[in-house]
> 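Submitted below is the structure of interest, expressed as structure tokens.
Treat the numbers as computed from the prediction; the structure is a model and nothing was measured. Proteins get letters first, then strands, A, B, ... in listed order; numbering begins at 1 in each.
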Amino acid sequence: MKRIISILIENKPGALARVVGLFHQRGYNIETLNVGPVFDGSFSRMTVTTRGSENDVEQITKQINKIIDVIKVSDLTEGDHHEYEFVLIKFKHSEKIQKILKGLNGKIHEKNKDVMVMSAWGSSSDIEVAIKSIGKVNLLEIARSGSIGLHEGEKVLKI
Amino acid sequence: MKLSGGDLLMRALKDEGVKFVFGYPGGAALHIYDSIFKQKAFEHILVRHEQGATHAADGYSRATGKPGVALVTSGPGATNAITGLATAFMDSIPLVVISGQVQSHLIGTDSFQETDMIGISRPIVKHSFIVQNTQDIPRIVQEAFHIATTGRPGPVVIDIPKDKTDPSQLFEYKRAKEISLRSYQPRVLPHPGQIKKASKKILSAERPVIYAGGGVILGNAHKELISLNKLLKAPVTNTLMGLGAYPAKDKYFMGMLGMHGTYQANMAMHNADVIIGIGARFDDRITNTPSMFAPNAKIVHIDVDPASISKIINADIPIVGQVKESLIALIKEIKRAKIKIDSEALDRWNIQISQWREKHGLDHDLYLSKIKSSMIAPQVVVQELYHATQGNAFVTSDVGQHQMFVAQYYHFNKPRRWINSGGLGTMGFGLPAAMGVKLAFPKQEVVCVTGEGSIQMCIQELSTCLQYNLPIKIININNEALGMVRQWQDMNYGGRHSASTYSDSLPDFVKLAQSYGHVGMKVTKQSQLKKTLEKAFAMKDRLVFVDVYVDPNEHVYPMLVAPNGSTKDMWIKKNTKA
């Protein structure tokens, strides 16, 4: 089953590599990965999506927690959560693609005689569905942010 | 007074109480070596290969409980330290390994002797630092020692680009009163609720087993372990890493468990109703097939590392905390508890274990069937060694059959006396590790039990032993083959000894030892063994290399049947299952 793991980590050189390396080292796969500085910039928040059983995820989160630079780890999928992903798509003029993306908070960023660039965002599963229905025709390029997420309610990931 | 980066490093090491640094110089470490020349706080031990430096620092740490320190240069110096780092990492040994790095502006340009030490060592260190500002050196050293020695200990790398130790750049030395890292706060005290549950479960047991590992030694909790069992009177087994944590002479001690554990220990684990795992990690050499492991046991698992709990075997009552603090809390709770353990059931259980011991215990087998031949049984070498040293020596070993024979037949009564690479299984570990031990305990007997395969992996350290006058005793159990490999080939590959023999090309170890300035002795007959060992141990101020030719056909038993076996499935001798 798909898991969304959120990690609060020191924003230090090499910290990201420690987390990414660990997944490989322990035999787990990363499906999506997002990282960016948060709070005063001395922290980074990473969101990793992976697949695994409950035992797998327990082991992954424990192992991530052991990384010295990691401050907090949480499996968002354990409870109610918000999860979104952002995509940028470049395509040849296509009413079909425009329509699909419009349904996903789509926004046009560039439009000229040859290509269009649009953004869209939604839950990862909505994004997946959209990408599938876009197909290959007229599609030039996709960039995905990977999932980001927060717990619902009062639960937060901070020091 | 302002100091250079190299001098800041010296001062920081001094303030950590470092007495020995094991190292090997090279271009990127030369500023540091110049600072070493000018200081008196610690002795630098020049090894002959960086692998030796890391193992020596490791041996020092295992014997003393203090962190070991190694210093290497960039590039090949750093890569040669990798095996030692991995060895320490697998056995949770606190090391601080300092590596020189090329100058900052050359990093990433494939410059001479450049390697990405942080990248290469990442999966085998607890943490690593690269120095970006010289003035950070004192803080980084302090943090490195803090991280290496607290929580579940482990090796830490500090990579220092050469320009950060430039003698012309001077900085103030500042040392923090205490270290507090917002991202690292290992748990010390156990959860009281879990301790209560554990006490209740343990006291309701009829067939309890205490299964104690290296964590008891690392956590200096052997006294608490003994106290716990004064209350419980339960059978105790130690892992390979835990030997010495519980006195081998105690009547409740069953010996080592696992792959080459004793019959009684493995049977007890299989038939237990409560297993109290303490500072042990249920690894694959212990559990055999996890789904068949201890089918009727509830598991109480105490460990400082939450990731070790329920990793392989699900723990019914997990306790995260330092072993010492956890045992103190557990002892208190058991004393206070209203229920008492069923002593009749426990007596029956202890009698059952005695019966298993009678049936297939180690010495039983040895004395009945092995002594008769004129060839020397390797097990007997270890027994004679035990007598020659009154069981009091620090014994290091390499990896293979000889290692298992020591674990089985040298009965360790004290912690930190048995120094071996359990997790990684590193051949070449024994001799350099013995150097670290001997430096820490110059007046104590330090023995390296090795094999003719393993010893050749770090034999160059014989030269270091001469330079620093380290009168170690080396017992080379020589079966003219990679014995454990050959055993597996005998058992699983139709006796095809693929790349495991070399009897036509072994060195003359006596001459080899002599050429390094030491004493060499050779033993080929049972009748010479005792006398030669006595002679060797009488030479107090010399390193003696005793080359003992043993029966090459000997196997290590018991041995768990794998794959698809539980811990009750054992080979008890050749072609015979229990």
Side-chain angles (χ1 to χ4, degrees), chain A residues 3 5-30 33 35 37-46 48 50 52-75 78 156-159, chain B residues 86 89-90 92 104 107-108 116-133 136 140 143-144 146-148 150-159 161 179-187 281-282 290 303-315 318 320:
Chain A
R3 304 282 174 165
I5 298 168
S6 281
I7 304 161
L8 191 67
I9 187 168
E10 295 283 356
N11 184 4
K12 284 182 183 168
L16 172 67
R18 291 182 208 275
V19 176
V20 173
L22 186 136
F23 272 82
H24 167 72
Q25 187 191 335
R26 299 274 171 189
Y28 302 112
N29 201 27
I30 293 178
L33 168 68
V35 58
V38 292
F39 302 125
D40 64 358
S42 71
F43 301 86
S44 293
R45 177 153 175 148
M46 294 176 69
V48 182
T50 184
S53 66
E54 226 159 275
N55 278 349
D56 288 343
V57 173
E58 190 184 327
Q59 190 53 216
I60 293 174
T61 52
K62 281 174 168 179
Q63 293 292 351
I64 293 171
N65 235 328
K66 275 173 71 173
I67 296 172
I68 303 294
D69 286 335
V70 167
I71 295 154
K72 289 238 161 91
V73 185
S74 190
D75 173 12
E78 251 180 14
V156 292
L157 210 63
K158 63 186 279 193
I159 202 155
Chain B
F89 183 70
M90 287 293 272
S92 308
S104 305
I107 289 177
D116 174 12
M117 178 56 161
I118 298 294
I120 288 180
S121 64
R122 189 182 300 119
I124 49 164
V125 295
K126 187 172 173 189
H127 195 54
S128 51
F129 296 89
I130 182 154
V131 173
Q132 289 174 314
N133 301 296
D136 293 342
I140 286 175
E143 288 184 6
H146 174 67
I147 290 167
T150 52
R152 179 176 180 177
V156 176
V157 162
I158 307 175
D159 201 35
I179 294 282
S180 172
L181 299 170
R182 66 182 179 185
S183 66
Y184 175 68
Q185 271 136 11
R187 185 162 189 135
R281 57 191 177 86
F282 294 85
D303 207 290
V304 71
D305 177 8
S308 282
I309 293 176
S310 298
K311 180 169 68 175
I312 293 160
I313 300 295
N314 191 52
V320 179

> Under 4.5 Å, heavy atom to heavy atom: which of residues 60-67 of chain A reach chain B? Give them by number, or say none.
A/K62, A/Q63, A/K66
> Using the test side chain to side chain donor-acceptor pair (under 3.5 Å), find all partners of B/S183 that sit at least two apart in sequence or belong to another chain.
none
> Do the side chains of A/L22 and B/R122 get nearer than 4.5 Å, heavy atoms only?
no
> Taking all atoms of both residues into account, what is the closest heavy-atom pair of B/P123 and A/Q25, and its distance?
O-NE2, 3.2 Å
> Highest number of heavy-atom pairs under 4.5 Å with chain A: which of B/I118, B/I130, B/L181, B/D305?
B/D305
> What's the verdict on side-chain contact (heavy atoms from CB on, under 4.5 Å) for A/I68 and B/E143, showing C-alpha distance, side-chain angles and the deciding distance?
CA-CA 11 Å; A/I68 303 294; B/E143 288 184 6; over 6 Å; no
> Name the member of B/S128, B/P186, B/S310 that forms the most heavy-atom pairs with chain A at distances under 4.5 Å.
B/S128
> Check ring-ring contact (aromatic ring centres under 6.0 Å, His included) between A/F43 and all other residues, then give those that pass, not counting sequence neighbours.
A/F39
> For the interface with chain B, which of A/E58, A/H24, A/Q59 has the highest count of heavy-atom pairs at distances below 4.5 Å?
A/Q59
> Side chain, backbone, both or neither: which part of B/Q185 has an atom under 4.5 Å from a heavy atom of chain A?
neither
> So B/R182 and A/E10, side-chain contact (heavy atoms from CB on, under 4.5 Å) or not? Walk me through it.
CA-CA 9 Å; B/R182 66 182 179 185; A/E10 295 283 356; 2.6 Å; yes
> Could you tell me which residues satisfy ring-ring contact (aromatic ring centres under 6.0 Å, His included) with B/Y184, sequence neighbours excluded, listed by chain and number?
B/H146
